[in-house]
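In what follows, chains are A, B, ... by sequence order, proteins preceding strands, each numbered from 1. Everything numeric in this text was worked out from a predicted model, so none of it was measured.
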Amino acid sequence: MAGPSTLWETLQALLPHTKEELKLELGEKVEGSVLMLLQEAAELFLGGQWRECLQTCEVLLDYSWEKLNTGPWQDVDKDWRRVYAFGCLLKAVCLCEPPGDATSVAAALKACDMGLLMGAAILGDILLKVAAILQKHLLSGKRPAPGPSQEPPGTKKARNDHVPIPDVTTERTVPRLHCPSLQYFKKHFLVPGRPVILEGVANHWPCMKKWSLEYIQEVAGCRTVPVEVGSRYTDEEWSQTLMTVNEFISKYIREEPKDIGYLAQHQLFDQIPELKQDISIPDYCCLGDGEEEEITINAWFGPQGTVSPLHQDPQQNFLAQVMGRKYIRLYSPQESEALYPHDTHLLHNTSQVDVENPDLEKFPRFAEAPFLSCVLSPGEVLFIPVKHWHYVRALDLSFSVSFWWS
Amino acid sequence: MDEERRGTWFGFGFCGFGQALGSGLGRQVHSPEPLRTPGGSLGVCRVSASWSYTAFVTRGGRVQLSGAAGGTADGCTDAWASEELLVLLRAGPGAGAELQAWAPGSAMRGDPLWSQAVQEAEHGPSRDETQAGLLPLLPCARAYVSPRPPFYRPLAPTLRARRLELGAEHALLLDAAGQVFSWGAGRHGQLGHGTLEAEPEPRLLEALQGLRMAEVAAGGWHSVCLSETGDIYIWGWNESGQLALPTKSLAEDGKTTAGEASGLEEDGSEVKRGSAGEDGAPAPFIAVQPFPALLDLSPGSEAVKVSCGSRHTAVLTRTGELYTWGWAVNTIQSHLSSSFKSETLQLLNNSSFSATPDNYRYTFCLSL
């Protein structure tokens with residue numbers, strides 16, 4: 001219904017119209033040559049020279065992308081991420097130059113997503129606004145394609161020969177509590193660092209009723225996200241790649257996947273604010289020292305069989321289960337030696353042991369290390385204390401939301 | 001006449017900053033063109049290119065900058081260009097020399113950011129006639145210069161350095177015995193020791209031990225060396241095909257775009273690798289090659305010179321063929337006929353830009 005000219009008009013109305021507004025405040029790290037290019041890109045854009053602007057944007061993206069790939073991510077200067085976002089913004093808009101067919105608009109949305117994934121917020125979170133406009137335009141042009149089969153994906157999976165659901169009755173289980181008070185939780189679990197499953201806390205979140213494959217495809221289908229391919233991140237064949245949510249669902253969930261694909265540890269709710277409305281931040285997070293804005297919310301979405309090898313994180317974690325079930329095992333940090341962490345810097349917080357198939361000749365002490373386990377079901381929230389080792393395997397098509405807080 | 005005997009510099013690629021002498025702003029050169037040097041035969045003997053500007057050094061000791069940075073300076077024996085710093089080696093009073101670090105935008109006016117007296121090479125490595133200098137390796141070979149502080153970095157005396165090359169995050173050293181050392185960050189396999197771990201100090205490439213190397217070159221995140229017998233060894237990041245190995249992005253897009261997010265999670269999940277199928281299945285894409293791989297250019301070819309841009313590689317063979325691969329290198333070879341012989345190859349450190357297949361990403365100069 002919304003024609004391409006309306007899209008173009010909407011985008012043009014959203015973007016600044018003067019050089020002063022279409023500008024970034026940047027520090028010393030960004031070299032003069034890049035500032036020249038930024039200025040050139042802005043001038044070309046404001047002058048309506050879309051093709052030339054695109055070329056300049058590619059130069060900016062190319063150079064800043066190298067900066068984003070130099071050194072550890074946490075050390076990358078935010079200004080380079082802003083430069084990258086700026087390039088993505090102008091590129092996205094230029095790609096929508098009329099006639100603006102669906103392919104171009106999809107490419108524009110991908111450019112926005114790259115800016116959101118790797119860039120930093122600029123011009124009042126303009127990339128989010130542009131992405132929302134583009135997404136709306138793409139969706140209005142087509143109906144979401146129904147899945148190849150209407151049967152719930154879980155039944156398809158029954159054909160795979162995965163390890164069956166562990167018999168947790170033989171294992172020590174994580175205790176469960178129904179809506180404990182803040183003080184009770186703090187005294188008995190947060191301070192002593194003990195895991196617990198909280199019931200009645202998240203079960204009324206809108207996501208519990210609303211989220212399904214169809215809904216996710218509607219709300220996020222054309223958005224580009226990072227996907228991990230491979231059984232586990234400690235494997236040699238493991239890799240990360242980018243694809244749209246539709247491609248991910250089609251390739252790694254619906255059809256007979258050859259590999260395991262996992263949309264893991266991704267701040268999806270920053271990228272697609274609409275989804276954020278379906279979740280809440282657990283009240284217990286207020287017991288921490290940090291601000292609410294500092295809480296990292298990650299999405300974990302994948303087929304049956306995804307595995308996160310035994311590892312520890314430097315923050316407290318609430319893991320809320322929305323779709324499907326997960327088998328989770330927890331080891332106290334006191335048992336770290338018996339878990340044989342890798343000695344490399346990259347993987348020092350990851351155990352070498354395959355939890356459900358341990359090589360006890362190589363890792364003898366592992367057999368004696370005590371642990372707690374559980375099957376986490378939709379509506380439940382697991383508290384994983386800071387530095388607590390955890391291993392996770394999805395027993396069904398699964399969607400979890402984690403909250404990292406301090 | 002003099003120029004023909006000495007050789008002519010050619011360039012092609014992205015000249016968006018006017019980095020090639022005599023090129024205007026915004027030009028893209030699709031096939032090699034001679035650099036227009038103002039004022040007749042300048043006798044350019046060394047070219048050092050950064051992304052947005054190039055430094056040309058003449059036999060007469062003049063350094064001329066072209067591109068986003070400009071200016072000239074005399075009395076120089078060598079220059080090395082990077083986005084952060086322009087390094088000059090100036091003949092000093094007496095037998096000494098002075099190392100100077102300039103802000104590229106200063107046009108070499110006023111005072112350098114930093115300077116230091118350095119030893120001239122007396123018993124240092126002998127210079128190839130066609131190579132004007134060894135920067136970032138200093139003439140005494142006891143130290144090298146870095147674009148980030150500390151600028152002056154000593155090398156252990158036991159390392160008899162012949163050549164030193166800097167990547168974005170690593171360093172390669174070729175010693176007098178033809179052995180290769182590497183150090184720095186290793187997250188993309190650029191160190192060649194088989195891991196992704198960093199090395200704080202120069203470490204010998206054990207995989208190449210015993211093979212005498214003649215040349216080394218460092219790209220942004222990859223490394224190349226040539227043996228004395230003309231073999232090419234290459235390792236590091238292959239995201240744009242800079243190792244001439246199958247790469248996912250090229251296969252999927254048909255062109256290279258700023259593709260994969262290099263995931264930066266704390267729990268080690270940023271490792272991004274593919275590996276050849278062990279059971280003979282078609283090799284999937286190789287993103288990182290953490291130890292040296294032998295590269296076969298073509299049967300019987302002997303590589304004599306190698307040079308790297310940020311994400312691409314170029315090799316010159318004994319018979320004068322030029323091979324290039326990596327970021328945005330598409331049909332560049334078709335532009336080079338076999339009669340285009342080259343003696344010296346100095347690849348200029350990239351530039352960047354558009355996605356259309358017939359544009360090239362780098363500026364490239366060689367001498368005939």
Practice prompt. Looking only at non-hydrogen atoms, find the nearest pair between B/W237 and A/N69 and report the distance.
Written response: CH2-OD1, 3.4 Å
Worksheet item: What distance do A/L347 atom CG and B/E197 atom CD have between them, rounded to the nearest 0.5 Å?
Response: 8.0 Å
Worksheet entry | Which atom of B/E239 lies closest to which atom of A/W65, heavy atoms considered | OE1-CH2, 3.6 Å
Practice prompt. Could you tell me which portion of B/E83 (side chain, backbone, both or neither) has an atom closer than 4.5 angstrom to a non-hydrogen atom of chain A?
Written response: both
Discussion item. Are more than 12 heavy atoms, taken from residues, nucleotides or ligands other than A/Y340, located less than 6.0 Å from that residue's OH atom?
Written reply: yes
Fill in: B/R153, CZ atom: more than 12 neighbouring heavy atoms under 6.0 Å
yes
Discussion item. I'd like to know whether B/L196 forms a side chain to side chain contact (heavy atoms under 4.5 Å, CB included) with A/L346, so could you lay out the CA-CA distance, the side-chain angles of the two residues, the decisive distance to 0.1 Å, and finally the verdict.
Written reply: CA-CA 8 Å; B/L196 304 180; A/L346 270 180; 4.0 Å; yes
Practice prompt. Indicate whether the side chain of A/E31 and that of B/S52 have a donor and an acceptor atom separated by less than 3.5 Å.
Written response: no
Worksheet, complete the sentence: When every non-hydrogen atom of A/G71 is compared with those of B/E169, the smallest separation belongs to N-OE1, 2.7 Å
Discussion item. Before you tell me yes or no, could you show the steps for A/D62 and B/R311 under side chain to side chain contact (heavy atoms under 4.5 Å, CB included), namely the whole-Å CA-CA distance, both residues' side-chain angles and the distance that decides it to 0.1 Å?
Written reply: CA-CA 11 Å; A/D62 196 51; B/R311 291 193 274 157; 2.6 Å; yes
